[in-house]
Every structure is written in structure tokens, then in C-alpha cells.
S.K.: 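Have a look at this one before I ask anything.
Atoms considered below: every heavy atom in the structure, side chains included; atoms not considered: hydrogens, waters and symmetry mates.
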Protein chains: 2
Amino acid sequence: MNHLLEGLKSAGMRLTPQRVAICRILHESKDHPTAMMIYHELLPQFPTLSLATVYKTLNVLKELGLVHTLGDAGDGMEHYDADLNPHINLVCVRCHRVIDFDEAMVSAIQQTVEERSGYKIQGARIVYYGLCPECRNRHANGK
Amino acid sequence: MNHLLEGLKSAGMRLTPQRVAICRILHESKDHPTAMMIYHELLPQFPTLSLATVYKTLNVLKELGLVHTLGDAGDGMEHYDADLNPHINLVCVRCHRVIDFDEAMVSAIQQTVEERSGYKIQGARIVYYGLCPECRNRHANGK
DNA sequence: ATTACTGCAAAAGATTTGCACTAGG
DNA sequence: CCTAGTGCAAATCTTTTGCAGTAAT
């Protein structure tokens with residue numbers, strides 16, 4: 001069982017099949033899905049699934065602090081990240097894919113910011129925008 | 001003249017009074033305004049100003065790479081930042097204010113990410129979420 | 001004089017909400 | 001049981017778009 005389900009359970013929330021499936025996708029997928037992506041991925045297994053249920057579950061997870069939102073990736077939709085460890089997200093502005101990038105300094109910075117700003121930091125959104133290697137090549141070769 | 005107006009001019013765009021005013025607010029304000037905030041701030045001076053004009057101008061500035069978007073600050077609206085220097089934004093999740101925080105390591109990280117990821121980085125969004133000192137106090141004392 | 005820009009209203013699109021029904025604990 | 005969760009549809013809210021009129025160069 002992943003930490004999302006554990007979190008829901010210890011918060012006293014019900015573990016419905018829909019929620020289990022949504023948490024599984026968030027936990028497994030590396031592409032930081034949007035609500036719409038989760039919905040379409042689950043539709044074959046849950047033909048009556050509602051997009052509203054996906055949104056409601058994502059909001060619950062967010063309020064519990066179990067997922068972070070990354071903002072949109074040029075596609076106008078909110079992307080969700082279940083990895084709470086301080087890390088960097090790399091967004092390709094062309095293909096809208098999002099990957100993770102670990103950088104040791106990130107953790108150190110968060111502590112520095114908290115100490116020097118007086119803020120009680122609850123979460124972070126560290127996103128770099130640019131062209132991924134594949135899109136750089138596609139851009140260079142013709143097109 | 002600030003760099004936003006210079007950028008618009010050298011891109012061959014017209015410098016209308018509305019755009020000058022929008023750029024002035026972006027340049028001067030330290031609170032990383034939303035389209036709605038800019039609109040309301042300018043309404044007294046431009047009674048016929050349209051929200052659509054604000055959005056259109058912000059999109060032009062964004063496409064020219066003269067401003068960055070920070071994502072929403074818990075208020076569901078896009079916040080804009082005219083400071084292109086690598087820096088951190090601190091969002092208070094209670095009062096939705098956004099402040100800047102300079103941290104020397106930020107520039108170094110961007111270079112590291114670019115070298116090691118193969119991405120051509122065009123911009124960054126480094127946002128920490130938490131409670132600002134005022135809201136921490138307000139939270140502690142009573143409420 | 002052109003033609004990009006503005007402002008209005010309508011449209012679009014993502015997310016939220018109300019409510020009756022269902023099912024998890 | 002009994003209440004939280006689901007699914008549907010309608011509502012909401014931000015942002016975009018079409019177009020006729022206006023103004024910057």
C-alpha cells in the first residue's frame with residue numbers, strides 16, 4: 001500500500017475502489033498526471049467514473065498534504081505530483097511532459113529559506129521550463 | 001522606461017496607454033499581481049479598461065518572455081512576475097500574498113540542471129508555500 | 001492610411017457544487 | 001445502519017475569442 005492510501009486511511013477517509021485506483025496512478029505514474037489524464041486512464045476499468053470524483057479525490061489528497069500541484073505545463077491543466085521529497089520538476093514546453101530531477105542542493109535551500117524568511121514552509125513547487133532533449137532534436141532536424 | 005516597455009517596443013508592438021500602465025504596475029508592484037488585481041488597480045484611471053485587454057497584454061508579455069507566471073497562490077488565479085532574475089517566490093497560503101526571496105544558490109542550480117538533464121531551460125518557477133510571519137502570529141494568537 | 005489594439009459580449013474550458021443514490025465501515 | 005462518497009448535470013469562474021470601432025505609428 002502506498003503512502004497515499006495510508007494517508008487517506010489514517011485521516012479516516014473511506015478507501016473506495018475509485019480512490020484506490022486514483023492513488024495507484026498517482027503513485028505509479030512518472031508523468032505527473034492531470035485530473036483529465038487520470039480520468040481517461042481509469043475509464044476502461046470504471047466505465048461510470050466521473051471526472052468530478054477524480055477532482056474531489058485530488059482535492060482531498062491535496063488538503064491532506066499528500067500530493068502537490070505543479071501548476072500547468074503549458075496545457076492549461078493542473079498537474080499533480082505524489083512525490084513529496086524536495087525535488088525539481090522539468091516541464092517541456094513543447095510536448096508538455098513533466099519529469100523529475102533530483103538535486104541535492106534543493107533540500108538545503110528550503111531550510112535556508114525557512115530560517116531567513118520567517119515563513120513556516122509547507123510545500124514547494126520548483127519547476128523549470130524548457131525543451132526536452134527529444135524536442136530539441138525534433139526542432140533542430142527540419143520542422 | 002522599464003524593460004517591459006522596451007521589450008514591447010523592440011518587438012514592434014504599440015505602446016498604448018493601457019499597456020504602459022499595465023507594464024508600470026508589473027514593474028513597480030512587489031506583490032506579483034493577477035490580471036484581476038491589475039484591472040482593479042487601473043480602473044480608476046481607465047474607466048473603460050477591459051479585463052480582456054489586461055489578459056491580452058499579459059499574454060503578449062509572456063510570449064515575449066518578459067514576464068513569468070507563478071501559478072496560483074491558493075486563490076485560483078495566475079500570478080505574474082516581471083523579475084526575470086532567478087529567485088524564489090514565497091506564497092502565503094493564508095493571505096495569498098507573494099514575496100521575493102533571493103538565494104544565491106538558485107542560479108547555480110539552474111546551470112546544473114541544464115547541464116545534467118539535456119534540457120534547454122527557458123524559465124523557472126520556484127515557489128515555496130507556507131505561512132508568512134504575520135499569518136503565523138495571527139494563527140497563534142487566538143483565532 | 002494602415003493595421004494593431006481596445007472594449008464589449010459571448011464562448012470556451014477547467015474545476016466545483018448540489019443532490020439523489022450507493023456502498024464502505 | 002448511517003454517513004461519506006459517487007456520478008450526473010448544472011453552475012461557477014478564469015481566461016480566451018470574435019468583431020466592430022478606435023487610435024498608434
Side-chain angles (χ1 to χ4, degrees), chain A residues 1 4-23 25 32-40 42-64 66-80 96, chain B residues 1 4-23 25 32-40 42-64 66-80 96:
Chain A
M1 183 152 78
L4 300 175
L5 291 174
E6 284 168 8
L8 285 177
K9 192 174 186 180
S10 53
M13 320 239 68
R14 292 185 185 166
L15 299 186
T16 66
Q18 293 91 333
R19 284 182 174 172
V20 172
I22 290 167
C23 290
I25 289 183
H32 307 283
T34 65
M36 195 65 82
M37 288 160 79
I38 294 171
Y39 172 69
H40 280 122
L42 290 179
L43 210 47
Q45 304 162 53
F46 297 85
T48 67
L49 179 66
S50 166
L51 193 48
T53 297
V54 178
Y55 276 112
K56 282 169 184 165
T57 297
L58 288 171
N59 282 337
V60 167
L61 291 169
K62 190 179 172 184
E63 273 156 30
L64 291 174
L66 299 170
V67 300
H68 287 168
T69 53
L70 304 181
D72 80 282
D75 51 5
M77 291 184 208
E78 193 72 59
H79 287 249
Y80 292 82
H96 303 150
Chain B
M1 183 152 77
L4 300 175
L5 291 175
E6 283 168 8
L8 285 177
K9 193 174 185 181
S10 54
M13 320 239 70
R14 291 184 184 167
L15 300 187
T16 66
Q18 293 92 333
R19 283 183 175 172
V20 172
I22 291 166
C23 289
I25 289 183
H32 307 286
T34 64
M36 196 65 82
M37 288 160 78
I38 294 171
Y39 173 69
H40 280 121
L42 290 180
L43 211 47
Q45 304 162 52
F46 297 86
T48 67
L49 179 67
S50 166
L51 193 49
T53 297
V54 178
Y55 276 112
K56 283 169 185 167
T57 297
L58 289 171
N59 281 337
V60 168
L61 290 169
K62 191 179 172 186
E63 274 157 29
L64 291 174
L66 298 171
V67 301
H68 286 168
T69 54
L70 305 180
D72 80 283
D75 52 5
M77 292 184 209
E78 192 73 58
H79 286 249
Y80 292 83
H96 303 149

S.K.: Within the pair A:T16 and D:dG5, is there a side-chain N or O less than 4.0 Å away from OP1 or OP2?
M.R.: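 It does not, given that no N or O in the side chain of A:T16 lies less than 4.0 Å from OP1 or OP2 of D:dG5.
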S.K.: Is it true that a side-chain atom of A:H32 and a backbone atom of A:H79 form a donor plus acceptor pair closer than 3.5 Å?
M.R.: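 No, the answer is negative, given that no donor and acceptor are paired below the 3.5 Å cut-off.
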S.K.: Think A:R19 has a side-chain N or O under 4.0 angstrom from the OP1 or OP2 of D:dG5?
M.R.: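 Affirmative; the distance criterion is met.
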S.K.: How many Å lie between NZ on B:K9 and C1' on C:dC5, as a whole number?
M.R.: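 Taking NZ of B:K9 and C1' of C:dC5, I get 18 Å after rounding.
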S.K.: Rounded to whole angstroms, how far apart are CE on B:M36 and P on D:dT15?
M.R.: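 In whole Å, D:dT15 P and B:M36 CE are 8 Å from each other.
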S.K.: State which of D:dA4, C:dG7, C:dA4 makes the closest approach to the side chain of B:R14.
M.R.: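 From the listed options, C:dA4 comes nearest.
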S.K.: Please give me the minimum heavy-atom distance between A:D75 and A:H96, naming the atom from each residue.
M.R.: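 Minimum heavy-atom contact is CB-ND1, 3.8 Å.
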S.K.: How close or far is atom C1' of C:dT17 from atom CG of A:L58, stated in whole angstroms?
M.R.: 16 Å
S.K.: Quick one: on DNA chain D, does B:A35 or A:T48 contact a more 5' nucleotide (nearest heavy atom)?
M.R.: A:T48
S.K.: Calculate the interatomic distance between B:L43 atom CG and C:dG7 atom C1'; express it in whole Å.
M.R.: 12 Å
S.K.: If the cut-off is 4.0 Å, is A:T53 near the phosphate of D:dG7, judged by side-chain N/O to OP1 or OP2?
M.R.: yes
S.K.: Is there a side-chain contact between B:Y55 and the phosphate of D:dT15, meaning an N or O under 4.0 Å from OP1 or OP2?
M.R.: yes
S.K.: Within this structure, what is the CG-to-P distance between B:L42 and C:dT6, rounded to whole angstrom?
M.R.: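 About 12 Å, once rounded to whole Å.
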S.K.: So, taking the atom named OH in B:Y80 and the one named CG in B:L66, what distance separates them when rounded to the nearest 0.5 Å?
M.R.: 13.5 Å
S.K.: Between A:Q18 and D:dG7, is there a side-chain N or O to OP1/OP2 distance below 4.0 Å?
M.R.: yes
S.K.: Any N or O donor-acceptor pair under 3.5 Å from the base of C:dG18 to the side chain of A:K56?
M.R.: yes
S.K.: Could you check whether any side-chain heavy atom of B:M37 comes within less than 4.5 Å of a side-chain heavy atom of B:I25, counting everything from C-beta outward?
M.R.: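 Not touching, per the 4.5 Å side-chain cut-off.
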S.K.: Which is more 5' along DNA chain D, the nucleotide nearest B:P17 or the one nearest B:A52? Just name the residue.
M.R.: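 Residue closer to the 5' terminus by nearest nucleotide: B:A52.
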S.K.: When the distance from CG of B:L51 to P of C:dG7 is rounded to whole Å, what number comes out?
M.R.: 11 Å
S.K.: Atom CG of B:N59 to atom P of D:dT17: distance rounded to whole Å?
M.R.: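 My rounded result for the distance is 8 Å.
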S.K.: Is any side-chain heavy atom of A:L42 less than 4.5 Å from a side-chain heavy atom of A:Q45?
M.R.: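 In short, these two side chains touch, coming nearer than 4.5 Å.
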S.K.: Whole angstrom is fine here: how far is it from CZ in B:F46 over to C1' in C:dG7?
M.R.: 14 Å
